[in-house]
Trainee: 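Before I ask anything, here is the structure I am working with.
Starting from 1, each residue takes its place in the sequence as its number.
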Amino acid sequence: MADDGPNRRSLATWADVDPARHPFDPVEMSVAVPALVPPPPPRPAFHDRGWVGESEAFAWVESVGVLLSDRYGPWAYRWHWGPWEREQLGFVTDRTPTPADAPAFVADSLLAWRRWLESLAERFDHILPSLDPTRAAGAADVVAAWEAAVAQLMTFAAAPVVDNHRWPGWCDSTLRWFLTATGIPPERAQAVVDGALERFGWWAPLTPMAIDGVAERVARNVLSPARIVPADNWPDTWPQGWPSWRATNTGWGARPPSDRRRYR
């Protein structure tokens with residue numbers, strides 16, 4: 001059995017899920033899955049004292065993930081993370097299939113997840129060259145390229161989200177993978193994403209202002225250590241009085257990056 005370590009569970013880096021690193025044949029998968037997937041338990045039922053059979057259903061989802069990741073790579077561990085599957089708050093309680101339906105259910109879910117990752121990879125391939133600092137005219141262009149990249153990826157990641165409280169999780173994973181794809185170490189990538197998303201509650205809707213704010217904070221935290229900041233005189237305040245980190249006429253933007261980090 002493949003290692004059941006943190007990479008398979010957390011999918012911390014783009015290398016864990018990058019389709020280019022993990023060849024996949026949908027036709028072979030459709031043939032192999034019936035022999036791989038164990039019969040699921042009965043669908044959980046709610047009684048006076050709570051759900052009965054819920055832990056068994058979760059254990060089945062976990063066991064399928066282990067079997068699939070052993071065969072296809074760590075990305076397949078999250079076989080039920082297809083763009084609409086995760087919207088089912090009652091994925092286990094409402095969607096546990098019958099034994100007869102389980103092979104097709106797993107195959108369809110895994111394929112949806114794979115296709116979403118392939119679409120994400122296409123966007124990475126399109127965006128990553130734009131971040132090359134040698135192609136930029138100056139610091140402002142570098143910052144603008146990073147902010148545009150983050151905004152595009154957040155919009156893509158949140159597009160399938162139906163419930164407002166789900167978008168931070170999708171954006172967290174997508175931005176973390178993107179940062180590691182640029183060469184940023186996983187621990188730093190997670191810290192940057194945490195710092196950018198920490199002020200958004202799970203029930204906050206995703207708005208253009210939120211996307212702009214996250215994009216600006218990610219760009220700041222990625223580029224500030226290299227002292228890449230634009231020289232433009234940006235507005236002094238955000239809505240609700242938040243100071244812009246790029247303001248130059250208030251002293252805020254004039255602080256060295258090491259000082260500004262204290263105000264994240």
Trainee: May I ask you to test the Tyr77-Val66 pair for a side-chain heavy-atom distance under 4.5 Å?
Mentor: yes
Trainee: Is the closest side-chain heavy-atom distance between Phe178 and Leu131 below 4.5 Å?
Mentor: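 Heavy-atom side-chain distance check passes, below 4.5 Å.
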Trainee: Atom CD of Gln152 and atom CZ of Phe124: how far apart are they, to the nearest 0.5 Å?
Mentor: 11.5 Å
Trainee: Give the minimum heavy-atom separation between Ala76 and Tyr72, together with the two atoms involved.
Mentor: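 Shortest heavy-atom contact: CB-CB, 4.1 Å.
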Trainee: Hey, could you give me the CG/OG distance between Asp141 and Ser130, rounded to the nearest 0.5 Å?
Mentor: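 Here the interatomic distance stands at 11.0 Å.
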Trainee: As an exercise, state the distance from CZ of Arg95 to CG of Asp101, rounded to the nearest 0.5 Å.
Mentor: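 The distance works out to 11.0 Å.
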Trainee: Check each of Arg114, Arg115, Glu122 against Pro19 using the side chain to side chain contact (heavy atoms under 4.5 Å, CB included) test, and report the only one that passes.
Mentor: Arg114
Trainee: Main chain of Thr13, side chain of Asp16: is a donor-acceptor contact present, judged purely on distance under 3.5 Å?
Mentor: yes
Trainee: Should we say atom CZ of Arg21 is surrounded by more than 12 heavy atoms from elsewhere, each under 6.0 Å from it?
Mentor: no
Trainee: Name all residues meeting the side-chain hydrogen bond (donor to acceptor under 3.5 Å, both in side chains) criterion together with Glu56; count only those two or more places apart in sequence or in a different chain, and write none if there are none.
Mentor: none
Trainee: Does any part of the side chain of Val17, heavy atoms only, come nearer than 4.5 Å to the side chain of Arg78, both counted from C-beta?
Mentor: no
Trainee: Are any side-chain N or O atoms of Trp79 and backbone N or O atoms of Val61, one a donor and one an acceptor, separated by less than 3.5 Å?
Mentor: yes
Trainee: Distance check, rounded to the nearest 0.5 Å: Ile211 atom CD1 versus Glu216 atom CD?
Mentor: 14.0 Å
Trainee: Atom OG1 in Thr174, atom CH2 in Trp167: separation rounded to 0.5 Å?
Mentor: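 Thr174 atom OG1 to Trp167 atom CH2 measures 12.0 Å (nearest 0.5 Å).
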Trainee: Please report the closest heavy-atom contact between Asp25 and Val27, naming both atoms and the distance.
Mentor: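 Residues Asp25 and Val27, closest heavy atoms: OD1-N, 3.0 Å.
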Trainee: Could you tell me whether the side chain of Trp75 reaches within less than 4.5 Å of the side chain of Leu110, counting heavy atoms only?
Mentor: yes
Trainee: Determine whether Leu117 and Trp81 make a side-chain contact, defined as any pair of heavy atoms from C-beta on separated by less than 4.5 Å.
Mentor: no
Trainee: Any sub-3.5 Å donor-acceptor pair from Thr182's side-chain atoms to Leu179's backbone N or O?
Mentor: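 Side chain of Thr182 to backbone of Leu179, a donor-acceptor pair under 3.5 Å: yes, one is there.
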Trainee: Pro160 versus Trp116: any side-chain heavy-atom pair under 4.5 Å?
Mentor: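 Yes, their side chains come closer than 4.5 Å.
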Trainee: Could you tell me which non-hydrogen atom of Glu147 sits nearest to which non-hydrogen atom of Ala215, and how far apart they are?
Mentor: O-CB, 3.5 Å
Trainee: Between CE of Met154 and SG of Cys171, what distance do you get to the nearest 0.5 Å?
Mentor: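 Reported value, rounded in 0.5 Å steps: 4.0 Å.
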Trainee: Which heavy-atom pair separates Ala196 from Val218 by the least distance, and what is that distance?
Mentor: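 Here Ala196 and Val218 meet closest at CB-CG2, 3.7 Å.
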Trainee: Applying side-chain contact (heavy atoms from CB on, under 4.5 Å), can you list everything that pairs with Ser119, at least two apart in sequence or on another chain?
Mentor: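 Per chain and number, Ser119 pairs via side-chain contact (heavy atoms from CB on, under 4.5 Å) with Arg123, Phe156.
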Trainee: Assign the ring pair Trp177 / Trp14 to parallel, tilted or perpendicular, where the plane angle (0 to 90°) is split at 30° and 60°.
Mentor: tilted
Trainee: Side chains of Ile184 and Val192: closer than 4.5 Å at any heavy-atom pair?
Mentor: no
Trainee: Under 4.5 Å between side-chain heavy atoms, counting indirect links through other Ile/Leu/Val/Met/Phe/Trp/Tyr residues: same cluster for Leu175 and Leu128 or not?
Mentor: yes
Trainee: Given 3.5 Å as the limit, does a donor-acceptor pair link the side chain of His22 with the main chain of Ala15, or not?
Mentor: yes
Trainee: Just distance, no hydrogens or angles: give the donor-acceptor pairs under 3.5 Å from side chains in residues 35-44, sequence neighbours left out.
Mentor:
unit_1, atom_1, unit_2, atom_2, d
Arg43, NE, Thr96, O, 3.1
Arg43, NH1, Asp94, O, 3.2
Arg43, NH2, Thr96, O, 2.9

Trainee: Closest heavy-atom contact between Leu11 and Arg176?
Mentor: O-NH1, 3.2 Å
Trainee: In the structure I gave you, are the side-chain heavy atoms of Leu120 and Leu153 within less than 4.5 Å of one another anywhere?
Mentor: yes
